[in-house]
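This report concerns only the one structure given below.
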Amino acid sequence: MSYDKTALINRYRWYELVGIYAGIALFLTFVLAPFVEGFLVSLKPLSQLFSSPYRFWPENGSFDAYFTMWESVPGFARYIFNSFFISTIATFVVLLLVVPASYAFARFEFRGRGQLLGAFLAVNMFSGAVLLIPLFRLMRSFGVLNTYFAMIVPGVAFLIPTAIWLLRTYMMRIPRELEEAAYVDGASYFYTFRRVVLPLAMPGIAVVAITTFIGAYAQQFIFALTFNSKTEYMPLPIGLFAYFGRQEVIWNELMAASFVGIAPAMIVIFFLQRYLVSGLTAGAVK
């Protein structure tokens, strides 16, 4: 029985392909244009940034800003370490709490389950700025101001609801028959969760870990500005804010510092991207 092997490849006409690639190019232009412009600004001397007419491509561009930025903010390396440390600990704590909670919400029927899930969504509707004063009083009563905990605990609290919703949806796709077979063989709930559910849920856990790490990396500014006054605990956003002087803003060094600062997050995403793709596409095809 013969069949056309190119049927799946050539299923679009030429004008449809043009439209598809044009749409992708337009989308990538809007997404990547700010990053390209920011990188080019980091290569320009400060005198060229506000020249008229504006030049998109830098004249006599160099990577000098990537070296001088360390002198403008001497503790910048410490800020990057703090951000990475806070995000890593926050991600670990979120996973430690969210994985069993998501399994419970996905598998067990108990009173108030729907109300709790709705409350988790309601928490995401509140901005961190709205709760700054209550959180500040709470952190002060616990005596954790000017410590890492002052930024980790609020971050974890705001990241848990989204993580539970994401991982619960993934765990609901795991066939119940696998767990029931383990129960028939005499396995306990904990053993089944550890040896059956967790290995199957690893792609979903990886997705939650990546999104949580990125969220923790991005939301540190307002908490650090409110709950911390010590330089040794300040995260990356505060370090970037230090490039805003009273008289001028060192834009080229600010852009260079931004790209250096997001490098740890990009490295994490690069090495975990295969888990991210597998987790997002799991269950798409039966």
Side-chain angles (χ1 to χ4, degrees), residues 27-51 54-91 127-129 148 150-152 154-155 158-159 209-273 276:
F27 173 76
L28 291 177
T29 298
F30 278 101
V31 171
L32 297 178
F35 295 94
V36 174
E37 174 65 12
F39 177 71
L40 294 179
V41 167
S42 69
L43 301 180
K44 295 179 181 179
L46 201 59
S47 58
Q48 291 186 16
L49 296 180
F50 301 100
S51 61
Y54 179 75
R55 295 171 180 169
F56 177 74
W57 194 259
E59 182 180 355
N60 299 324
S62 65
F63 289 90
D64 291 343
Y66 287 87
F67 299 98
T68 58
M69 64 175 225
W70 304 100
E71 301 174 2
S72 300
V73 181
F76 189 73
R78 179 71 182 186
Y79 294 140
I80 297 177
F81 169 79
N82 289 339
S83 276
F84 188 81
F85 177 78
I86 293 170
S87 301
T88 302
I89 298 300
T91 302
S127 172
Y148 286 123
M151 291 169 285
I152 293 174
F158 281 99
L159 291 169
I210 294 173
T211 54
T212 301
F213 183 86
I214 295 174
Y217 209 82
Q219 69 171 13
Q220 298 166 354
F221 179 77
I222 190 170
F223 295 138
L225 200 61
T226 307
F227 305 142
N228 198 358
S229 60
K230 292 186 178 180
T231 305
E232 58 265 30
Y233 298 120
M234 289 297 185
L236 174 64
I238 302 299
L240 296 178
F241 192 68
Y243 289 97
F244 289 83
R246 294 184 178 180
Q247 302 297 329
E248 65 175 357
V249 179
I250 314 176
W251 288 108
N252 53 353
E253 294 185 2
L254 175 62
M255 292 296 102
S258 300
F259 280 96
V260 173
I262 64 175
M266 297 302 296
I267 292 173
V268 171
I269 295 174
F270 176 79
F271 284 104
L272 297 180
Q273 62 179 338
L276 179 63

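Residues passing the ring pair (Phe, Tyr, Trp, His ring centres under 6.0 Å) test with Phe63, sequence neighbours excluded: Tyr66. Every ring pair (Phe, Tyr, Trp, His ring centres under 6.0 Å) that Phe221 has, sequence neighbours left out, goes to Phe241. Ser229 meets the side chain to side chain donor-acceptor pair (under 3.5 Å) test with Asn146; sequence neighbours excluded. With sequence neighbours left out, the side chain to side chain donor-acceptor pair (under 3.5 Å) criterion links Ser72 to Glu253.
Distance check, rounded to the nearest 0.5 Å: CD1 of Ile214 to CD1 of Ile262 gives 10.5 Å. Leu40 contributes atom CG, which lies 12.5 Å from atom CG of Asn252 (distance to the nearest 0.5 angstrom).
Residues Phe223 and Asn228 fail the side-chain proximity criterion, which asks for heavy atoms closer than 4.5 Å.
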side-chain contact (heavy atoms from CB on, under 4.5 Å), that's the test. Do Trp70 and Val260 meet it? Break it down for me. CA-CA 11 Å; Trp70 304 100; Val260 173; 4.0 Å; yes

Apply side-chain contact (heavy atoms from CB on, under 4.5 Å) to residues Phe244 and Leu254 and explain how you reach the verdict. CA-CA 8 Å; Phe244 289 83; Leu254 175 62; 3.6 Å; yes

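Of all heavy-atom pairs spanning Phe213 and Ser87, the tightest one is CE1-CB, 3.5 Å. Minimum heavy-atom separation, Met151 to Pro235: SD-CD, 3.9 Å. Between Ala224 and Ile238, the shortest heavy-atom contact is CB-CG1, 3.9 Å.
Within a 6.0 Å radius of CH2 in Trp251, no more than 12 heavy atoms belonging to other residues, nucleotides or ligands are found.
Within the 3.5 Å criterion, the main-chain N or O of Phe39 finds a donor-acceptor partner in the side chain of Ser42. With hydrogens and angles ignored, the 3.5 Å screen pairs a side-chain donor or acceptor of Tyr243 with a backbone N or O of Met69.
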Side-chain donor/acceptor pairs under 3.5 Å, residues 77-85, sequence neighbours excluded:
{"residue": "Arg78", "atom": "NE", "partner": "Asn82", "partner atom": "OD1", "Å": "3.4"}
{"residue": "Arg78", "atom": "NE", "partner": "Glu232", "partner atom": "O", "Å": "3.0"}
{"residue": "Arg78", "atom": "NH2", "partner": "Tyr148", "partner atom": "OH", "Å": "3.1"}
{"residue": "Arg78", "atom": "NH2", "partner": "Glu232", "partner atom": "O", "Å": "3.4"}
{"residue": "Asn82", "atom": "OD1", "partner": "Tyr148", "partner atom": "OH", "Å": "2.7"}
{"residue": "Asn82", "atom": "ND2", "partner": "Arg78", "partner atom": "O", "Å": "3.3"}
{"residue": "Asn82", "atom": "ND2", "partner": "Glu232", "partner atom": "O", "Å": "3.0"}
{"residue": "Asn82", "atom": "ND2", "partner": "Met234", "partner atom": "O", "Å": "2.7"}
{"residue": "Ser83", "atom": "OG", "partner": "Gln220", "partner atom": "OE1", "Å": "2.7"}
{"residue": "Ser83", "atom": "OG", "partner": "Leu236", "partner atom": "N", "Å": "2.6"}

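Each side chain to side chain donor-acceptor pair (under 3.5 Å) pair with one or both residues in residues 254-270, not counting sequence neighbours, would appear here, but there are none.
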